[in-house]
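Quick notes on the structure that follows.
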Amino acid sequence: MSDKPSQAPQPADPAGREVTPEATAEPVAIESPEPAEHSESTPDTEPKAIPVGAAATLPPMQPMQSPPVPMAPIAPQPWPAGGGYPLPQPVPPMFDDFWPRPGLSGAPVALLAALIGGAAAAVFLPLDSPGIGWPLVGLTTAAGLFLVGRKAEKKVHIGQLCWASVALLLLAVCAFRAAGWLITLCVLTAAVAGMLAVSGGRSVRAFMIAAIAIEVAAFRALPWTVRGVRQHAPGKGGLRLVASLVVALLLLVVFGALFAGADDNFANLVSTVLPSLDEETFFRWTLVFAFFGFAALGAAFTLLRPPEVAERTTEVKTLRRLEWALPIGLLVLLFAAFIAVQSTPMFGGDQHVQHTERLTYADYARSGFWQLMVVTILTLPIIGAAARWAPKNTRFDRNLLRGLVGVLAVLTLLIVVSALIRMWTYQDAYGYTVMRLLVMCCELWLGVVYLLVIAAGVRLRANWLPTAVVGTAMAALLALAAINPEGLIAERNIARFQATGKLDDWYLKGLSTDALPALRNLPDPQRGDIITEITYGLDDMTWRSWNLSHQLAAAQR
């Protein structure tokens, strides 16, 4: 018997050698880097297979699982030329997110409108006085923008036509009136009406954007115009048109000079139409051309692609009933108490001044007039805030809003009437002036605004109110120009002179030729001095400064 314990028969490898139980799997043959030592008894020419279990104990191999599902091949991504990371996307220019630029196809016609507007202003515009040149500039610029509108191929809103008509009517005042302050107001208001005609819009937000739209668009239009003109460069037809214009100008210069040398009357006409081309005139032409051309280019850019005013989509947050009704109700009580206490001074007028000791007309008009005017102006945003944040879900909330806001508007309207009575009494006692007349007109317009507010509060719909407020302001200015304000001032002062013998001739001499028709009732010495002072310098006017008032004054001398 053998000393070794009995063992179960082990499987043999193909060479007839026994393997250990740990090496039940196929042994891994590892080639030794050095020559293996051969046994003396059993020579072996093949590489010796070292059982895995003899070298190191390894965990048993897990049974083979199903092969994994092959992944889809990843498509190769495009890589920018030159290697490196992808370049960042360019940030869009300012305003492009809500006000994109128009197509480059409209750049040539926009440039044409700018050239027309700038050239018309340089040729027609009288900068030192009112005259017919202002409406000519307006008509010419409107014609250039009309070409831009046809290029845009957009439907023109009726409101835009109304604003454009109002702008032209305000500029037409320059051809009929000569008062400098009136012409300044008309020109500035015409510019506002022109902005509204170009940009459109009927809400408060649209009006605020329209106030700066053309200025912003003018700077944005410069690079846009350059790229558009380069892309749509004129072909042979455009070059022939330019050559034709150059030839026409040369013919006019040559034959005009010949005709001027042949006849003195024609030479006088040419010298009247064309001013002397000195350095001052050239600089003025260049400055006026650049300014008005720049403005016309911005107007054309805006007309091609007006800014997009996003409508409110979120629900308006409102206050609770007591949060808005309490301050408005207290304000109504305060207004009512003030009117009840001041009813006699506010509406007494001339009778109150005469029956009150130590009270003059000046003290009566000045005591609280400007405070009442400020109250009238400040009440408007308060009413707007109440209409904005008051709840309107239930019928009771809507009726409460109508009642409180309506009573507040009516009480404010009574304050407006009181201010008008005070100023009217003051002017009857001390005479009319331009400032006093303007204050009365502003108070009348505020009264109209409060009537519009009351009308809007009946149905709680005020989407038309901003347009109506701006439109009535422009209509009031046109009505003021129609009644000839300086003529009315002179007429009222002359009537006061006939009643009291007091005349402020120094103030009348500072009026324009609009006041001349009212001076016919003055005695001759005073009338002659005033007319001489008013008509001084009329002979130096050019044809650009012609207007009806100057023409009548020249005929009256």
Side-chain angles (χ1 to χ4, degrees), residues 90 92-125 136-157 160-161 163-164 167-168 171 191 194-201 209-210 212-252 285-308:
M94 187 181 297
F95 304 106
D96 279 2
D97 52 349
F98 71 96
W99 188 3
R101 302 170 187 265
L104 295 178
S105 60
V109 68
L111 180 60
L112 178 62
L115 294 177
I116 292 175
V123 174
F124 298 138
L125 198 63
L136 290 178
V137 171
L139 288 172
T140 309
T141 305
L145 294 177
F146 175 76
L147 297 177
V148 177
R150 292 193 62 183
K151 179 65 177 179
E153 295 181 356
K154 292 183 178 180
K155 184 179 180 180
V156 179
H157 194 270
Q160 294 179 279
L161 295 178
W163 292 126
L168 293 177
L171 291 178
M195 293 178 183
L196 295 177
V198 169
S199 60
I209 293 178
I212 61 172
I214 293 181
E215 293 86 344
V216 174
F219 288 98
R220 298 182 66 203
L222 288 177
W224 169 79
T225 305
V226 172
R227 291 196 302 268
V229 171
R230 287 179 177 177
Q231 182 174 347
H232 301 83
K236 296 182 178 180
L239 293 177
R240 290 197 300 267
L241 180 59
V242 173
S244 177
L245 291 175
V246 172
V247 172
L249 290 176
L250 289 176
L251 292 177
L252 288 176
W285 278 14
T286 304
L287 186 63
V288 172
F289 176 84
F291 178 80
F292 281 88
F294 191 62
L297 183 61
F301 182 94
T302 308
L303 189 60
L304 287 171
R305 181 64 66 88
E308 300 175 0

Atom pair [atom1] ([X]) and [atom2] ([Y]), whose distance is rounded to the nearest 0.5 Å:
X: F301; Y: I214; atom1: CZ; atom2: CD1; value: 12.0 Å
X: M195; Y: I209; atom1: CE; atom2: CD1; value: 14.0 Å
X: L297; Y: F219; atom1: CG; atom2: CZ; value: 11.0 Å
X: R101; Y: L304; atom1: CZ; atom2: CG; value: 13.5 Å
X: W224; Y: L111; atom1: CH2; atom2: CG; value: 9.5 Å
X: L168; Y: W163; atom1: CG; atom2: CH2; value: 14.0 Å

Show the nearest heavy-atom pair for residues [X] and [Y], with the distance to one decimal.
X: G144; Y: A113; result: O-CB, 3.6 Å
X: A122; Y: F289; result: CB-CB, 4.2 Å
X: A120; Y: V137; result: O-CG2, 3.6 Å
X: L303; Y: V198; result: N-CG1, 3.7 Å
X: V109; Y: V148; result: O-CG2, 3.8 Å
X: G228; Y: A107; result: CA-CB, 3.6 Å

Notebook entry, point to check: Has the side chain of R220 got a donor or acceptor atom that lies under 3.5 Å from a matching backbone atom of G298?
Noted result: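 No.
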
T141 vs F292, side chain to side chain contact (heavy atoms under 4.5 Å, CB included): CA-CA, chis, key distance, verdict = CA-CA 9 Å; T141 305; F292 281 88; 6.0 Å; no

